[in-house]
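Quick notes on the structure that follows.
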Amino acid sequence: MEIDEAREVRTTCPYCGVGCGVLAKVAAGGQVSVRGDPDHPANFGRLCSKGSALAETIGLDGRLLHPEIHGRRTGWNEALDHVASTFSRTIAEHGPDAVAFYVSGQLLTEDYYLANKLMKGFVGSANIDTNSRLCMASSVAGHRRAFGSDTVPGTYADLERADLVVLVGSNLAWCHPVLYQRIAAAREKRPEMRVVLVDPRRTMTSDIADMHLAIAPDGDVALFTGLLAWLGQHNALDRAYITAHTTGFEQALFSASALDLASVATATGLGEDELARFFSLFAATAKTVTVYSQGVNQSSSGTDKVNAIINCHLATGRIGKPGTGPFSVTGQPNAMGGREVGGMANMLAAHMEIENPEHRDRVQRFWNAPDIAQKPGLKAVEMFQGVADGRIKALWVMATNPVDSMPDADAVEAAIKACPFVVVSDVLASTDTARHAHVRLPAAAWGEKNGTVTNSERRISRQRSFLAAPGEARPDWWIIAEVARRMGFGEAFGHQTSAEVFAEHAALSGFENDGERDFDIGAYSGLDAEGYEGLAPFQWPAPSPRGGTTERHPTRFFANGHFYTPDRKARFIAIRATTESRTSSDFPLILNTGRIRDHWHTMTRTGKSPRLSQHIAEPFVEIHPVDAQHHGIGDADIVRISSPRGDVLVRALITSRQRQGSVFAPMHWTDQFAAKGRLDALTAPLIDPVSGQPALKHVAARIEKFAAKAFGFAVMRRRPEAIAADYWAVARCKGGWRVELAFADDGADWTAFAASLFEAPSAEMLAYHDRDAGQHRIAAFDGQHLTGALFVAPGPVAVSRGWAAEQLEEVHASQRERFRIVAGRAGAERPDAGATVCSCFNVGANQIAAAVAAGCTTVEAIGGALKAGTNCGSCRSEIRALIQASRVQAAE
Ligand SMILES: Nc1nc2c(c(=O)[nH]1)N[C@H]1C(S)=C(S)[C@@H](COP(=O)(O)OP(=O)(O)OC[C@H]3O[C@@H](n4cnc5c(=O)[nH]c(N)nc54)[C@H](O)[C@@H]3O)O[C@H]1N2
Ligand SMILES: Nc1nc2c(c(=O)[nH]1)N[C@H]1C(S)=C(S)[C@@H](COP(=O)(O)OP(=O)(O)OC[C@H]3O[C@@H](n4cnc5c(=O)[nH]c(N)nc54)[C@H](O)[C@@H]3O)O[C@H]1N2
Ligand code: SF4
Ligand SMILES: [Mo]
């Protein structure tokens with residue numbers, strides 16, 4: 001492919017659902033650089049830490065470059081024939097429901113559309129489900145119950161216009177950073193704007209919150225049904241709206257009124273005072289947007305939480321108007337696109353319903369399909385249970401890593417291992433899932449492929465390639481179409497470009513759609529290659545300009561009070577709050593799980609970036625100080641978290657930001673990055689009964705100190721192949737890799753261990769041992785360059801991580817300089833920068849504390865002194881927290 005080197009290519013970020021526009025450029029030497037697209041309406045030029053570091057993640061290390069069958073390199077022809085014939089044979093022998101696709105909100109719309117078309121229209125089964133089941137399913141189900149359609153009515157501008165933004169179960173500062181920055185900027189302009197955060201933890205998002213409600217896990221249904229009852233009691237309802245545009249209000253209110261303020265307080269763990277303050281603020285603020293994310297969706301009561309929130313908006317008529325509305329923010333870059341193509345097992349394409357015979361007939365005629373799926377397929381958790389019990393005999397996984405991200409992940413891994421035929425399409429050769437595949441198919445990665453994605457505000461943007469696909473990697477849509485052709489469906493899968501797939505998808509959305517289906521981008525059904533190339537970001541609906549258009553779709557969803565139910569009225573859902581305790585004397589704590597600022601899911605891409613790997617370099621668990629003391633756990637100890645399903649080893653982080661009785665651990669670490677860090681080995685396949693979404697945020701668990709006799713920290717130029725330690729976690733750093741270590745025994749021959757770790761048998765080894773104190777320092781040199789350095793101590797190792805990593809890149813000319821690495825307290829002559837806060841300029845917590853002590857008391861002043869927080873801004877709330885902490889310390 002010809003790449004115009006001087007040109008900046010306009011594309012979008014492949015991470016979160018904010019969907020920021022990115023300008024990518026390839027310099028003459030092949031160097032890639034990215035910046036925020038100033039013209040993209042999602043971000044207007046801003047990028048967060050992950051977006052800013054995109055160029056560091058596109059290296060070819062670890063990429064899968066050729067198709068493989070049973071680990072053996074093969075050509076595309078052979079691989080595709082093998083996949084097609086095995087699927088066809090399995091269907092012939094065992095029926096269409098014996099095969100399944102498990103796909104992802106990280107596929108582009110074109111990929112997703114063809115995968116869904118192949119399974120639902122041509123295989124004739126609906127056994128296609130997606131990681132969106134773990135992510136957005138409760139929101140989808142809640143929208144459909146209330147609106148009759150999966151419509152997200154809000155836009156980002158509504159967040160800026162609102163007078164009250166309620167963030168429920170959303171760590172926006174870390175997970176949707178640019179949206180968070182937009183709210184923060186709006187609040188600076190209009191100081192009267194209020195933000196309320198509802199999260200059991202005091203996350204960094206609390207930085208912009210006027211009120212933080214540290215709700216008990218799963219207290220949300222009680223909170224919002226309590227709010228509905230309160231609105232009723234305080235004459236804060238919009239009766240005219242309720243009568244004109246809704247049904248079911250009286251039952252919903254009756255159900256809610258079972259809860260008085262005292263019982264809401266008990267169920268939510270919140271004080272009556274703070275509840276009353278929140279309720280009256282909500283009642284008094286007409287322009288309210290309620291944003292919700294995984295603290296709502298990933299729950300056994302997820303769909304009820306969604307409807308409890310929507311009920312409050314319907315009851316006050318706060319929907320369909322600027323600056324108002326319930327707003328489910330999507331996680332993945334194309335979670336919305338996946339919903340549009342019907343990528344979930346219980347949906348049909350273009351927001352049509354699989355249970356609706358008219359819809360089935362319409363889609364079948366449009367596709368000219370032989371067999372249209374007649375009933376919903378297996379949802380993710382059931383799908384892997386189907387794999388485990390042999391109902392599913394051939395499985396194709398695309399762009400997701402279920403061995404790490406599905407609940408009860410060890411059981412999922414065992415099921416995949418036992419499945420007769422597993423195909424994995426991925427960009428990497430070795431992921432925890434790909435290692436069990438019979439066939440591995442190399443997918444083209446971000447920057448190499450073309451297509452579209454839809455962000456949280458229904459805005460469809462292009463992703464454009466600016467790099468040639470390496471080796472034999474191919475776009476996912478091409479791989480799917482090739483398999484479909486070889487299964488005998490050539491006529492329906494003759495697309496030559498992603499543009500043709502998009503035009504067909506657009507045409508289906510407008511097909512026989514006179515306004516009764518919300519999703520309509522019929523205006524783009526005639527899009528040609530040139531139009532697709534130049535396609536500017538647009539929001540749906542975008543119906544084709546044939547008769548009656550203006551009437552068929554409003555410019556703002558629900559502005560006219562019309563919904564997509566048969567009677568055009570929105571439905572209140574009567575909800576009763578139930579309390580359920582999952583803990584027991586064996587598993588007395590609630591494990592909550594989620595994300596950190598600088599890593600993306602299973603780290604297959606962010607784990608490549610030294611910059612992103614420094615913010616938090618190992619798996620951890622946040623524990624309240626009282627719980628830590630109760631369990632005899634000290635800061636930086638290694639902790640075993642166990643549930644009835646499995647266990648992990650992680651670092652202890654003791655913090656009062658955590659609720660007592662709960663612990664929080666991030667989902668990101670896999671077998672590729674840690675000894676025993678796969679968090680989903682602990683989570684249960686417990687699902688929401690309506691949406692089928694697993695309750696990933698509320699698992700009974702136990703913690704105990706891992707009795708480590710020795711701790712270690714090492715840096716090395718090459719990534720070690722195998723690490724003989726009970727606990728280890730590797731992370732990229734600028735000159736190579738860094739490893740945290742812990743051992744149950746301290747009897748090791750540390751010099752031999754270091755040699756095996758550095759894989760440098762001929763290196764010059766320098767060592768310092770103080771056996772009585774249990775201190776060992778070993779460094780290996782290749783001439784003047786450090787190959788690796790290992791520091792061992794009986795407690796958590798106190799060496800400066802930043803200093804040690806820098807030594808990999810420095811020249812150590814004299815023997816004396818080389819000895820410095822192992823002599824004294826390593827790096828003691830230079831102050832330890834502390835844990836990285838600002839990834840862009842590599843500024844640590846200790847540097848910020850020193851600057852505060854020297855008189856910098858605002859985020860701006862810190863920026864002036866250290867540059868920290870002045871590029872992407874993702875760390876500004878952490879800097880503010882550090883300033884506050886330093887001031888409190890100074891005052892004590
Ligand atoms: N940095 C980064 N950003 C990401 C991602 C990433 O991997 N890394 N992934 C993307 C994806 S796919 C998604 S889905 C989004 C997720 O974005 P978020 O949903 O914002 O992130 P999480 O950390 O999963 O969970 C949010 C919060 O829910 C809280 N919570 C837990 N239980 C409850 C509860 O019962 N009630 C309430 N009210 N809150 C609760 C948790 O304490 C947590 O702070 O992030 C997207 N953005
Ligand atoms: N405990 C716990 N578990 C969770 C969650 C939680 O909060 N807590 N959150 C859940 C949620 S919301 C989500 S969205 C999931 C995410 O979980 P996953 O989807 O499993 O995580 P990713 O690491 O994003 O996996 C994407 C995979 O696709 C590959 N890939 C990247 N680009 C492409 C491409 O263009 N084509 C192909 N074919 N492959 C590609 C990557 O290398 C990677 O292997 O995790 C869920 N699991
Ligand atoms: S907020 Fe960050 S991760 Fe999300 S799309 Fe924008 S740059 Fe990418
Ligand atoms: Mo997600």
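Just so you know, ligand 1 is whichever comes first in the structure, and atom 1 is the first atom listed for that ligand. Keep in mind that the numbers below use all heavy atoms, side chains included, and drop hydrogens, waters and symmetry copies.
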Atoms in ligand 1 flagged as close to Asn592, the criterion being non-hydrogen separation under 4.0 Å
31 (C), 41 (C), 42 (O)
Can you name the atoms of ligand 1, numbered from 1 with element, that are less than 4.0 Å from a heavy atom of Arg597?
1 (N)
Pairs of nitrogen or oxygen atoms closer than 3.5 Å, one from [X] and one from ligand 1: do any exist?
{"X": "Asp598", "value": "no"}
{"X": "Arg595", "value": "yes"}
{"X": "Val198", "value": "yes"}
{"X": "Thr203", "value": "no"}

List the closest protein heavy-atom neighbour of [atom]: residue, atom name, distance to the nearest 0.1 Å.
{"atom": "atom 40 (C) of ligand 1", "result": "Pro200 CD, 3.2 Å"}
{"atom": "atom 42 (O) of ligand 2", "result": "Asp426 OD1, 2.7 Å"}
{"atom": "atom 43 (C) of ligand 1", "result": "Asp199 OD2, 3.3 Å"}
{"atom": "atom 47 (N) of ligand 1", "result": "Cys175 O, 2.8 Å"}
{"atom": "atom 26 (C) of ligand 2", "result": "Ala399 O, 3.4 Å"}
{"atom": "atom 35 (O) of ligand 1", "result": "Asp218 N, 2.7 Å"}
{"atom": "atom 20 (O) of ligand 1", "result": "Asn171 N, 2.7 Å"}
{"atom": "atom 14 (S) of ligand 1", "result": "Gln294 NE2, 2.8 Å"}
{"atom": "atom 23 (O) of ligand 2", "result": "Thr602 OG1, 2.5 Å"}
{"atom": "atom 16 (C) of ligand 2", "result": "His601 ND1, 3.4 Å"}
{"atom": "atom 24 (O) of ligand 2", "result": "Gln106 NE2, 2.7 Å"}
{"atom": "atom 32 (N) of ligand 2", "result": "Val427 CG1, 3.8 Å"}

Mode of [X] contact toward ligand 2 - side chain, backbone, both, neither (heavy atoms, under 4.0 Å):
{"X": "Thr604", "value": "side chain"}
{"X": "Pro407", "value": "neither"}
{"X": "Asn401", "value": "both"}
{"X": "Met406", "value": "neither"}

Give a yes/no on ligand 1: does [X] have at least one heavy atom closer than 4.0 angstrom to it?
{"X": "His698", "answer": "no"}
{"X": "Cys135", "answer": "yes"}
{"X": "Ile596", "answer": "yes"}

[X] and [Y]: which non-hydrogen atoms are nearest, and at how many Å?
{"X": "Val837", "Y": "Glu878", "value": "CG1-CB, 3.9 Å"}
{"X": "Ala665", "Y": "Ile641", "value": "CB-CD1, 4.2 Å"}
{"X": "Gly338", "Y": "Tyr112", "value": "CA-CE1, 3.1 Å"}

At a non-hydrogen distance cut-off of under 4.0 Å, which region of [X] contacts ligand 1 (side chain, backbone, both, or neither)?
{"X": "Arg657", "answer": "neither"}
{"X": "Tyr15", "answer": "neither"}
{"X": "His599", "answer": "backbone"}
{"X": "Lys50", "answer": "side chain"}
{"X": "Asp220", "answer": "side chain"}

Are the side chains of Pro41 and Tyr156 in touch, meaning some heavy atoms are under 4.5 Å apart?
no
Element-labelled atoms of ligand 2 that are located less than 4.0 Å from some non-hydrogen atom of [X]:
{"X": "Ser405", "answer": "3 (N), 4 (C), 17 (O), 18 (P), 20 (O), 45 (O), 46 (C), 47 (N)"}
{"X": "Asn131", "answer": "19 (O)"}
{"X": "Ala443", "answer": "36 (N), 37 (C), 38 (N)"}
{"X": "Ser425", "answer": "37 (C), 38 (N), 39 (N)"}
{"X": "Asp680", "answer": "1 (N), 2 (C), 3 (N), 4 (C), 47 (N)"}
{"X": "Trp600", "answer": "24 (O)"}

Pairs where residues 679-688 contributes a residue and the test side-chain hydrogen bond (donor to acceptor under 3.5 Å, both in side chains) is met, not counting sequence neighbours
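Residue pairs with at least one partner in residues 679-688: Thr303-Asp688, Asp680-Thr683, Asp688-Ser691.
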For ligand 2 and Thr683, I'd like to know whether there is a polar contact (N/O to N/O, distance under 3.5 Å).
no
Close N or O approach (Trp446, ligand 2; < 3.5 Å)
no
Out of curiosity, is [X] lining ligand 2, as in a heavy atom under 4.0 Å away?
{"X": "Lys697", "value": "yes"}
{"X": "Asp476", "value": "yes"}
{"X": "Ala444", "value": "yes"}
{"X": "Met136", "value": "no"}

Under 2.8 Å from atom 4 (Fe) of ligand 3, protein N/O/S atom count?
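Under the 2.8 Å cut-off, the count stands at 1.
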Show, in sequence, the C-alpha distance, side-chain angles and deciding distance for Asp37 and Arg10, and conclude whether the salt bridge (charged side-chain N to carboxylate O under 4.0 Å, His left out) test is met.
CA-CA 7 Å; Asp37 179 351; Arg10 216 171 267 276; 2.9 Å; yes
Salt bridge [X]-[Y], side-chain N to carboxylate O under 4.0 Å:
{"X": "Asp129", "Y": "Lys379", "value": "no"}
{"X": "Asp647", "Y": "Lys676", "value": "yes"}
{"X": "Glu622", "Y": "Arg202", "value": "no"}
{"X": "Lys305", "Y": "Asp218", "value": "yes"}
{"X": "Asp207", "Y": "Arg876", "value": "no"}

Counting heavy atoms only, name the option from Ala216, Gly331, Ser206 that's nearest to atom 11 (C) of ligand 1.
Gly331
Of Thr12, Asn450, Thr452, which meets side-chain hydrogen bond (donor to acceptor under 3.5 Å, both in side chains) against Arg462?
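Running side-chain hydrogen bond (donor to acceptor under 3.5 Å, both in side chains) over Thr12, Asn450, Thr452 with Arg462 returns exactly one hit, Asn450.
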